[in-house]
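Bear in mind the structure is a predicted one, so any value in this text is a computation, not a measurement. A note on names: the letters A, B, ... follow the listed sequences, proteins ahead of strands, and every chain is numbered from 1.
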There are 2 protein chains.
Amino acid sequence: MTELAALQDIKKCPRQYVLAVNDALNVISGKWKLPIIGTLLFGKCRFKELQQNIEKITPRMLSKELKELELNGVVARRVYDSTPILIEYELTPSGHNILKVLDSMVQWGLDHRAEVMKAD
Amino acid sequence: MTELAALQDIKKCPRQYVLAVNDALNVISGKWKLPIIGTLLFGKCRFKELQQNIEKITPRMLSKELKELELNGVVARRVYDSTPILIEYELTPSGHNILKVLDSMVQWGLDHRAEVMKAD
DNA sequence: CCGGATCCGACAGGATACTG
DNA sequence: CAGTATCCTGTCGGATCCGG
């Protein structure tokens, strides 16, 4: 079955569809998921680098969100046994693919803004 | 400027991009937004019909979410001056367009599931 | 029928200090 | 450097009752 067919298929079942949407939603909702993924889209990062690139995030939140993203299979944690020890975070292939979803959201936002303008 | 060009344009500015994503995110995140939009995708509905179609939602939450969705320009509230008075909710054009975003999220979910399978 | 008002618990997220 | 531990606050959402 092609992936397009799979999409058409799941659209016939509202419950499954909503659940699938929620899966994706869990990966990008919350205050910090998006900034983290956005930063990692530019390339792998160390903990400290992430903390510096994302304004105002505390180590507690960064640690917590990274763990969730790793559990969700969106971020990979790499430990290099050098001296000193080096830890880097990077997006998985799925993590990179989220860009498509984000693009569609931005496109909707632009369309929506145009639509609202028309109404006024 | 074409809309595709507008998307390419906004992608050059990370801050704007993240803000635009958040706009779309605000419309679909939360516990009830998705079920409400999903129900209205099938056609206009009265308050009571929505409450019956969406399991376990209280009138308070339904009212609150409908107001937010209306403010965001995603749902329209129609009052018909018949006797008895009739009120119906329906999606705006922007509201219908969200389907594209949801589809891309489901597609990502399917891809992601396949990707995770490969890894195991 | 279509909600509003009030009260309440749970949890996301923040501040600060500390550790291997 | 890469996180934990503790404490605290605010917002989300639920329960219940009330009004036009």
Atom pair distance, as rounded to whole Å: [atom1] in [X] and [atom2] in [N]:
X        : N       : atom1 : atom2 : result
Ile85(A) : dG20(C) : CD1   : C1'   : 11 Å
Lys64(B) : dT16(D) : NZ    : C1'   : 17 Å
Leu66(A) : dC1(D)  : CG    : P     : 16 Å
Asn53(A) : dA2(D)  : CG    : P     : 13 Å
Ile54(A) : dG13(C) : CD1   : P     : 14 Å
Leu34(B) : dG13(D) : CG    : P     : 13 Å
Ile57(A) : dA12(C) : CD1   : P     : 15 Å
Met61(A) : dA5(D)  : CE    : P     : 16 Å

Checking contacts here: which listed nucleotide ([options]) is nearest the side-chain heavy atoms of [X]?
X        : options                  : answer
Thr58(B) : dA15(D), dC2(C), dG13(D) : dA15(D)
Phe47(A) : dG3(D), dC2(C), dG13(D)  : dG3(D)
Lys31(A) : dG3(C), dG13(C), dA2(D)  : dG13(C)
Trp32(B) : dG13(D), dG3(D), dC1(C)  : dG13(D)

Hydrophobic clustering (ILVMFWY, side-chain heavy atoms < 4.5 Å, transitive) - are [Y] and [X] grouped together?
X        : Y         : answer
Val79(B) : Leu71(B)  : no
Val74(B) : Val116(A) : no
Leu19(A) : Val27(A)  : no

For Tyr17(B) and Asp103(A), indicate whether the former's side chain and the latter's backbone hold a donor-acceptor pair under 3.5 Å. yes
Look at the side-chain N and O atoms of Ser63(A) and state whether any lies under 4.0 Å from the OP1 or OP2 oxygen of dA2(D). no
Given dC1(D), is OP1 or OP2 found less than 4.0 Å from the side-chain N or O atoms of Tyr80(A)? no
Taking atom types as they are modelled, would you say the side chain of Arg60(B) forms a donor-acceptor pair with the base of dG13(D) within the 3.5 Å cutoff? yes
What is the nucleic acid contact for [X], judged by heavy atoms within less than 4.0 Å: base, sugar-phosphate only, or nothing?
X        : result
Pro84(A) : nothing
Lys67(A) : sugar-phosphate
Arg46(B) : sugar-phosphate
Glu65(A) : sugar-phosphate

Audit row: Arg60(B), Glu65(B), salt bridge (Lys or Arg N to Asp or Glu O under 4.0 Å) steps and yes/no: CA-CA 9 Å; Arg60(B) 180 179 109 84; Glu65(B) 304 285 338; over 6 Å; no
